[in-house]
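Labels below follow one simple rule: chain letters A, B, ... track the order of the sequence lines, proteins then strands, and each chain is numbered from 1.
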Amino acid sequence: MTDTTAQAPRKLFLLDAFALIYRAHFAFSKNPRINSKGMNTGAVLGFTNTLVEVLQKEKPTHIGVCFDGPKKTFRHEQFPEYKAQRQAMPEDIGTAIPYIKKIIEAFHIPILIMEGFEADDVIGTLARHAEEHGFEEVYMMTPDKDYCQLVTEKVKIYRPAFMGNSAEILDLAHVLQRFEIERVAQVTDILGLQGDASDNIPGIPGIGEKTAKALIQKYGSVENLIANSHELKGKQQENVRNFAEQGLLSKELATIHINVPIPFEPEALCCSAPDEAKLTALFDELEFRQLAARVLKTAPARTSATAISPAKGKKSSVPTGAGHQASLFAAPVGITEMGEEEADVLPTTRRTLAEVPHQYHLIDSPALRRELLRFLLLQQEVSFDTETTGLDTMTARLVGLSFCWLPGEAYYVPVPQNNPAAAQALVDEFRPFLEHEGILKIGQNIKYDLTILKHYGIRIGGPLFDTMLAHYLLEPDMRHNMDVLAETYLHYTPVSITELIGPKGKKQKTMADIPPAEVSDYACEDADVTLQLKHVFEPKLAALGLLKLLNEVENPLVPVLADVEYEGVRIDSGAMGDYSAELQGYIVDIEKQIFAAAGQEFNIGSPKQLGEILFDKLQLGGGKIKKTKTGQYATGEEVLSLLAPENPVAALILEHRQLTKLRSTYVEALPQLVCEMDGRVHTSFNQAVTATGRLSSTNPNLQNIPIRTEKGREIRKAFVPRDANHVLVAADYSQIELRIMADFSKDATMIEAFRQGIDIHSSTASKVFHVPLETVDGEMRRKAKMVNFGIIYGISAFGLAQRLGVGRKEAVEIIDAYFEEFSAVKQFMDASINKARELEYAETLLGRRRYLRDINSRNATLRGFTERNAINAPIQGTAADIIKIAMIRIHDWLQREKLGTRMILQVHDELVFDAPKEEVDYIIPHIKELMINALPLSVPMEVEVGTGQNWLQAH
DNA sequence: TCCATCACG
DNA sequence: ACGTACGTGATGGAG
């Protein structure tokens, strides 16, 4: 960062022309740009936009555009099938290329082509030359991931911006993290193993992305993997041995060669002013008026696609350590010298504790503890972490607390003696800080710490900031472990827990087995890293307009979920046991019938064996036999239902499936998870896993308890109130997602139906089938219901046809009729996709994003998926936003009113409460009101509430 | 560890 | 020409 040279830094951009042209072309393929002469100008415009943007925004000192050379490359000689699946170049691209070349020339940018080599070889070679010539920054501009193998500290990938979203720079750390490798050269090993369908690189069968990463992590290279194939097991060993050569060839094909005989002439790559006359003529001919205005007049400032909203709340003036006198609390030192704005651009090697200045202190005397507490109470925000004996909050015991309020400086307070009373005493000592309402508490997955401390009678006070949730809003579909976050955003590798407590085993050590002096660095580091992550994430969230969502929804939801989990749900284990026996009786009986029909015994639960019995032995299906993608017979619900008329055994198998599912997943599993202390099950709600903003529930999953079938419903009878003085109260949003669709689309017909309180599926049926509401029959309503679901999911004729069991033609007619009647819905769906194409993300009413980076993919299937996501994600996500707000307000209200009612479950559009009988009549209208008004829409919200002695009754 | 299957919204 | 409804988690079987 200390640049002492007089010369300005040299910055080279190398563009992969064909990759960018293809991407540009397909980005416009859905609504092509045709000029008055009938020419499809999408590719030219997209490419030129990209070029102009990089020139204006990145201001390179040097630039070159590389095209694939003519003739076949050496790769085709090695492997004739190479890129054989590639379709011929679309005609529109063929006509675009001469124009693109002229535009590049008008910009005075050299075009680089080498016969017999592809652009990636040329770019790789030139990038390496440039680095050797001392260029400070070299960017390979391409959407192609193969280039990852070329990335170094100086050479990075520049993934171009498209239509308003910002560009992305992939540096060394990104690449290593993404492929989970140690050296970028191993990218070729990964690609060599897993193959690449688009280039027709075969790879090794049975090895996909996951396996490839794991194998390369273990063996380092394809060659070494083959040499050690004796260590592999079964089919995998067989495949690696049989396809060893194919694997090596694949690696070779994926390897970019950086020894292309091309001279490196920096002067030739120098940027210079464009030939404006030529550009004017070209843009005129192509009818690029806006572009011409941007390029040829003044250089206008680009407006950002997102508004930057200032951070809300108090201007924090965090006391720095400098003013404090105690020697312990010295001046701050940082883990890295990196400023926030540099963090995501700078590639650095990842550093560890030993390489970085820090002051971590073990606080192990009463005097030091008192002093620490005094300082804690002076702060406005503190990150803290609990060290415990395990991850299960119900059984884990506290081992120590760490705190940090200045980067690089942290404090660890161990529990003085290893006993519960000492832990309680320590917690009590720090209670004034922990319960302080004025201090912001920062943590990574802070719900865990809240729950641990709750067992010691602490209710954490003050606002919360969870770095895990902050990152969840920034990158919803990535992982949010602290270690990954530290590597990505701080270029720092924290001490691993394994280093401290040893590998997993039967004699697994816990924190309590390690001397506090050794735990101290680890614990301090966690609090320190968490604080630094907060400082990195906050401005990013502000820039994307996500701070409000974090501070007003996600962070306040944390203590609510902690309470919901802590309360738990009582399960009637006796009833479960009885039902298990009953189910077992049915299962044995059905098994006998199936074996009789099959003429032999076999494992009904094995899709493989079942397929062989049904299709080989019994010859069912009359030739029309479906296979799964792995080549086995498909025996899913759909297939078996089709076979049912042909042979009664199919229906028996379906029934067997249902019963064994109920037994193993619910009836047997749930009682085992009942906590001995209180007779309740305590699920975990994960707030940072779904792509849309919903919660998920694990261990056990209480969001998929059966209800749709009679035998399944029985299970809900075992979900009971805590005691005889309580009842369960269940409150459901009615049709929340369709109401959101009505609000988003402002469709008059749909809004009217909701305002009048008409059954929405009947209403839809009446419109679609053109009959009066009164004459809508069950069958019409059923079909309309499926259509309504389809609307929320981003409808497709094929999908609807499948669900309705009708032909595709009829499905198309129904959809057409729907869009005729609900034209605003159709417009909204189109607009959603168009918006997502520009932004490459979709957002909810509160600004929660889901990135849709494949929305402009040229792979039609992938693009189709992503387009449906563009419609579904805002709807599903807004529903999630709404119920989260309701949960926070209801929890808040129950506390303020000091009521005994407890929220005990959330199931996406339903909340369940365990309520004292005498409170029921009082709480119901309030809960309804709080749910209805959580986020008012232009259509009324409806909430249905029921009560009962078990969850089934409460519906 | 992956796959197929199926439970829920 | 292709292959499709959206979002989850747990299970048993097979490699």
**Q.** Ion pair check, A/Asp830 and A/Lys826, cut-off under 4.0 Å
**A.** yes

**Q.** Any donor-acceptor N/O pair under 3.5 Å between B/dG9 base and A/Arg708 side chain
**A.** yes

Q.
Treating primed atoms plus P, OP1 and OP2 as sugar-phosphate and everything else as base, which nucleotides of nucleotides 10-15 of chain C get B, S or - for protein heavy atoms under 4.0 Å?
A. BSSSSS

Q. Using a heavy-atom distance cut-off of less than 4.0 Å, which residues of residues 870-885 of chain A contact DNA chain C?
A. A/Asn872, A/Gln876

Q) Can a side chain N or O of A/Arg863 be found less than 4.0 Å away from OP1 or OP2 on C/dC2? A) no

Q | Any A/Thr690 side-chain nitrogen or oxygen under 4.0 Å from OP1 or OP2 of C/dG7 | A | no

(Q) Need one value for A/Gln658: base, sugar-phosphate or nothing, where a base atom within 4.0 Å counts as base even if backbone is also close, heavy atoms only. (A) sugar-phosphate

Would you measure the distance from the [atom1] atom in [N] across to the matching atom in [M] and give it in whole Å?
N	M	atom1	result
C/dC2	B/dA7	P	33 Å
B/dC6	C/dG3	C1'	23 Å
C/dA5	B/dC2	P	22 Å

Q) What is the ring orientation for A/Tyr472 with A/His480, classed by angle as parallel under 30°, tilted 30 to 60°, or perpendicular over 60°? A) perpendicular

Q) So is A/Lys608 actually on top of A/Tyr633's ring, under 6.0 Å and inside 45° of the axis? A) no

Q: Starting at OG of A/Ser857, measure out to CD of A/Glu867 and round the result to the nearest 0.5 Å.
A: 10.0 Å

